[in-house]
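Because the structure is a prediction, the values reported are computed rather than measured. Lettering follows sequence order; numbering is per chain, from 1.
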Amino acid sequence: MQVATQPLTNLFLRALYYNVQRLGLHIHPYLQKTIRPLSASQPSSCSLVLGYLQLLFWSRVNDRESVHPSALMSSIKEWMHLVFDPSPLGLAIAIILALSIPIFLHTVVFRASGLTTLPTILLIGPSGSGKTALLTLFERENKPATTHTSQAPLTAECSLPVDTVAASNKYRSVNDPTNQVHKKFLLVDTPGHGKLRHHAFQNVTNTSNLRGVIFVVDATTLGAGEEGLREAADYLHDLLIVMQKLMGEGKSSKAPKELPILIAANKMDLFTALPAALVKSSLEREITKVRVSRSKGLLDSGVGLGDEQDEEKDDWLGEMGSEDFKFSQMEEFDISVEVAGGNVLGADGASTESWWRWKIGALRYNIHEAEIAVGKIGRKPRVAMELRRLKMTTIDVESLEKEGEKKESGAQAVSRKKRKTRDGKRGKIEISEGKEVINLDGSSTEDETASETESEDGGPARKKLKSSTEPSTPSQAKKDLEKIRTFKVLKVDWYYDSVKAGKILPMDGYLVYEGRPVQEPAQDLISTNASPPSRGSDILARAVADAKSSPSTAYMKHGNARYHKPTKSVTRPTHLLHQTTSEHDDPEKFPPLPDYLTKLYSCERPTPLHSPNDEFINLLKKIKTARQLNSDAIGVRAYSTLIASIAAYPYKLTSPTEVLRLPGCDQKTALLFQQYQQTGTLAEVTDVENDARMKVLLDFYNIWGVGDHTAREFYSRGWRDRDDIIEYGWERLTRVQQIGVKYYDEFLTPIPAAEVEDIGAVVLKEANEIIPGYQMVIVGGHRRGKPFSGDVDIMLTHPDPEATLNFVPLITDRLEELGWVTNVLQHSLANSARGQAPVAYKSPRPSGSGFDTMDKALVVWRDIRYDKAKHEKNPNIHRRVDIIITPWKTAGCGILGWSGGTTFQRDLRRYVRKVKDWKFDSSGMRDRRDGEWLDLEGSVVGWGEGKLREKEMKVFEMCGLAWREPWERCTG
DNA sequence: CGGCAT
DNA sequence: CGTA
DNA sequence: GCCG
């Protein structure tokens with residue numbers, strides 16, 4: 001049976017390819033990869049590939065104009081005739097069936113939707129640049145006679161030459177669906193004269209299905225200082241602003257998902273022409289000037305006088321605060337800029353290949369044109385995830401129905417939540433007791449079986465089927481709904497089953513997801529009566545947000561630019577701090593500023609664990625985290641500084657002006673305090689806390705082994721909770737990330753001080769079992785006096801340098817054998833690589849003498865003691881423990897380096913750099929000039945009680961710093 | 001306007 | 001890029 | 001975001 005079906009399947013697919021191309025159906029690039037495992041009759045291995053893949057192919061609906069309905073119908077009849085004509089050869093029938101299905105797909109699609117317009121490319125540029133010549137050239141290159149459509153005089157309908165596609169993608173298979181390009185498109189010429197520019201710009205904002213813009217410039221007029229350059233830059237600047245605004249609107253109906261612009265440097269055949277690379281740089285330079293002069297003009301006219309910053313921001317091209325304009329700054333707005341040279345006329349004929357290539361790229365099909373997608377996805381959440389990744393925003397029809405019925409929003413999409421409770425299997429990590437090895441491939445098999453059982457019993461598909469056949473509640477909303485075209489995701493089985501059955505089966509049973517694309521506005525879709533129109537006041541936005549249980553942020557762009565995100569609240573009340581001289585505000589009345597608070601480095605002042613302003617500080621810490629998650633490392637640094645500063649202030653702050661006195665605090669900080677004082681909170685904090693994206697990022701960020709970058713990476717894959725990570729990305733996690741996910745909650749559980757000390761005692765005891773004479777200091781937060789710690793930092797040292805050499809593997813192995821340590825997350829060689837002596841990174845010790853000790857191990861700890869009568873398994877939770885080994889001679893540096901808060905550490909390093917020109921790390925101090933190791937603590941002799949503290953104090957002294965107790969280093 | 005810990 |  |  002399988003032997004027989006195998007070649008058939010191959011033929012089906014080949015035939016499918018052919019027809020897909022013929023009829024302009026878009027196949028997902030991955031289809032090719034997946035066909036092979038499918039036809040090799042290895043369903044299990046293919047589901048691995050498919051589990052990755054997702055949407056196999058989708059139909060698309062553009063270019064439909066090229067197929068006249070009646071022609072289509074006749075061709076259908078033709079095919080049908082062949083299909084049902086009894087043929088002696090089953091194979092032939094099968095092939096024919098395969099051929100017929102795409103056609104059917106096409107008709108279904110055709111019926112289901114309204115006509116959409118041809119993709120359009122705008123031709124813009126200063127007059128004399130050769131636009132019109134280019135337009136005519138493009139028309140002529142298009143072999144069959146072209147016609148100007150009558151309604152728009154400057155519009156030409158063009159088609160790509162058939163061979164262009166293949167020729168420009170030689171390295172690709174012709175069948176590669178990424179080659180699928182709209183063969184017909186509109187080219188719209190716009191007036192080049194300065195006075196008529198706004199027409200051109202109107203075209204940008206008003207054209208539906210805008211695929212790209214070609215800005216034509218005459219490369220011979222772009223020399224430095226030439227008028228042509230200035231004019232072109234001027235025009236281009238304004239054009240880019242228009243595009244930026246359009247894209248910035250984002251959720252607006254017309255904004256495309258991406259909008260490429262080609263700067264076509266024309267007349268490259270002339271030797272006076274500037275090379276393309278130079279065209280690019282000189283335009284960037286000139287636009288920089290234009291940008292500056294425009295913003296000045298704004299200021300002069302009084303528009304952007306500070307109180308209306310938003311206004312100004314809108315008219316600023318590219319990245320705010322950037323010195324030089326670069327085209328790459330437009331990527332923030334999904335606008336890619338390409339500069340390519342060519343010539344329309346010329347002795348050797350026209351040379352426009354690079355421009356064609358660009359156009360092909362711009363005209364490539366994308367999923368937003370599709371109405372049906374087929375894939376081996378059985379579950380709705382997975383569909384949602386894939387669509388998120390493809391930036392295809394749809395509203396789940398089911399949730400819309402609900403919305404319509406309920407009238408009140410608050411209809412949180414249940415699907416995701418439901419899945420979790422329904423699918424108990426999901427999210428479970430295999431924990432093989434005893435060794436506790438993380439099962440690396442466990443989830444992939446689980447994934448397979450899960451999806452297979454799902455397709456067996458129908459799962460959500462059946463549920464959907466039921467709901468769609470149910471007598472519909474006659475609500476207006478729902479009726480409206482049915483008129484609108486939807487985007488459907490079907491299981492591939494629909495296709496295969498249809499082929500097997502020899503006829504097209506109804507889609508219902510295979511429908512995994514049906515959603516309404518959010519492209520077009522449909523304000524009349526649902527009645528709005530829910531909560532006040534928040535930002536954007538876009539009903540659809542909220543509907544989508546609700547559907548994904550992610551409020552307003554659904555559309556929020558999140559580029560890396562600091563400027564882009566800074567949640568509106570930051571700029572909201574930017575009024576200057578108005579100085580009143582009420583009693584509270586009188587600087588005379590403020591408590592005296594302790595002298596240490598004039599110090600810039602936090603290592604110079606005592607910072608206790610708690611301050612009278614803890615509440616305010618905690619809010620600031622939240623902003624700091626938000627900065628981190630938005631990849632604003634400098635913002636993090638800034639907030640760390642000011643938090644440390646406020647944390648050192650021993651009085652309750654009473655007025656914003658009082659804040660201004662503190663180092664690292666300025667206007668911005670004062671304003672924040674004012675806001676806190678008046679409202680008891682900070683708007684940015686509230687915003688961040690209500691921001692679904694930030695919630696997700698924070699959750700990911702809290703995974704040990706996942707930093708802010710990776711958190712964003714996970715988010716960009718469409719994952720929205722840890723279950724998504726486990727289900728879709730487990731194998732791609734690093735080992736430590738897997739451990740981090742596995743013990744997520746346990747690692748976040750605070751460790752009481754007593755337990756910290758207990759763990760320290762165990763480590764010390766075991767160390768002494770190996771080599772007697774070890775001394776131990778618990779460093780980290782516990783040493784700073786925290787009643788609860790996030791982890792346990794144990795520092796071990798031994799007077800004998802031979803003892804500490806290579807000791808880390810010894811202690812971890814022992815603890816692992818005894819069962820205290822369940823996992824070693826990381827062995828670090830930092831100190832060891834230098835041969836334990838922190839000496840001279842410039843003159844490393846000769847290797848070979850066994851200098852390869854590791855100086856720390858980050859491990860997972862679990863208490864092995866429990867009541868075996870009561871518990872079958874060890875009920876103790878896993879803890880994060882760091883075991884640090886330091887040689888005696890630098891123990892003071894080590895302890896110092898491991899005891900302070902982060903900001904204390906940074907400031908200490910900054911301090912010794914500035915004041916002493918030294919370089920500090922926990923393995924010792926070195927002179928920056930010659931790299932020589934500095935023995936700061938050598939004067940402390942002996943190794944008895946209290947010597948370690950003495951050594952640490954010595955380091956302070958040698959640095960010229962006043963001693964700070966560990967609990968005075970709580971910089972946050 | 002460069003620098004911001006190692 | 002992650003950890004400390 | 002603040003400092004020099």
Of A:Glu968, A:Arg784, A:Arg969, A:Lys786, the one forming a side-chain contact (heavy atoms from CB on, under 4.5 Å) with A:Leu609 is A:Lys786
Below the 4.0 Å mark, does B:dA5 have OP1 or OP2 next to a side-chain nitrogen or oxygen of A:Thr902?
no
Salt bridge (charged side-chain N to carboxylate O under 4.0 Å, His left out) filter on A:Arg717, not counting sequence neighbours, yields A:Glu713
When rounded to whole Å, the CG to C1' distance for the pair A:Leu896 and B:dA5 reads 13 Å
Atom CG of A:Leu600 and atom C1' of D:dG1 are separated, to the nearest Å, by 14 Å
Per the under-4.0 Å heavy-atom filter, residues of residues 637-649 of chain A near DNA chain D come out as A:Ala638, A:Tyr639
Rounded to whole Å, CZ of A:Arg909 lies from C1' of B:dA5 at a distance of 5 Å
Between A:Glu937 and A:Lys951 (salt bridge meaning N to carboxylate O under 4.0 Å), is one present in this structure?
yes
When rounded to whole Å, the CG to C1' distance for the pair A:Asp907 and B:dG3 reads 13 Å
To the nearest angstrom, the CZ-C1' distance between A:Arg969 and B:dA5 comes to 17 Å
Between OH of A:Tyr601 and P of B:dA5 the distance, given in whole Å, is 10 Å
A:Thr890 and A:Ser923 have their tightest heavy-atom pair at CG2-O, 3.5 Å
* Asked: Is a salt bridge present between A:Asp927 and A:Arg929, judged by a nitrogen-to-oxygen distance below 4.0 Å?
  -> yes
Chain A reaches DNA chain C, atoms under 4.0 Å from its heavy atoms, from C:dC1 to C:dA4
Heavy-atom nearest pair, A:Pro887 first then A:Thr804, reads CA-OG1, 3.7 Å
**Q.** Charged tip of A:Arg693 within 45° of A:Tyr715 ring normal and under 6.0 Å
**A.** yes
- Task: Looking at every strand, decide which applies to A:Asp793 at a 4.0 Å heavy-atom threshold: base, sugar-phosphate, or nothing.
- Result: sugar-phosphate
**Asked** Are A:Arg783 and A:Ser899 close enough that a side-chain donor and a side-chain acceptor fall under 3.5 Å?
**Response** yes
Practice problem: Name the nucleic acid region contacted by A:Ser922, choosing base, sugar-phosphate or nothing; use a 4.0 angstrom heavy-atom cut-off, strictly under. | Solution: nothing
What's the gap between C:dT3 and B:dA5 when it is taken at their C1' atoms, as a whole Å value? 15 Å
Side-chain atoms of A:Arg910 come closest, of B:dT6, B:dA5, D:dC3, to B:dA5
Whole-Å distance, A:Leu662 CG to D:dG1 C1', equals 15 Å
A:Glu615 meets the salt bridge (charged side-chain N to carboxylate O under 4.0 Å, His left out) criterion, sequence neighbours left out, with none
May I ask you to decide whether A:Asp791 forms a salt bridge with A:Arg879, counting only side-chain N to carboxylate O separations under 4.0 Å? no
A:Arg913 CZ to B:dG3 P, in whole Å, measures 10 Å
- Query: Any ion pair linking A:Arg949 and A:Glu952 (charged N to carboxylate O, less than 4.0 Å)?
  - Reply: no
What's A:Val736 touching, base or sugar-phosphate or nothing? Going by heavy atoms closer than 4.0 Å. nothing
Per-residue pairing states of DNA chain C in dot-bracket (Watson-Crick or G-U under 3.5 Å; . unpaired, | other strand) read ...|
Across all chains, not counting sequence neighbours, the ring pair (Phe, Tyr, Trp, His ring centres under 6.0 Å) partners of A:His798 are A:Tyr774
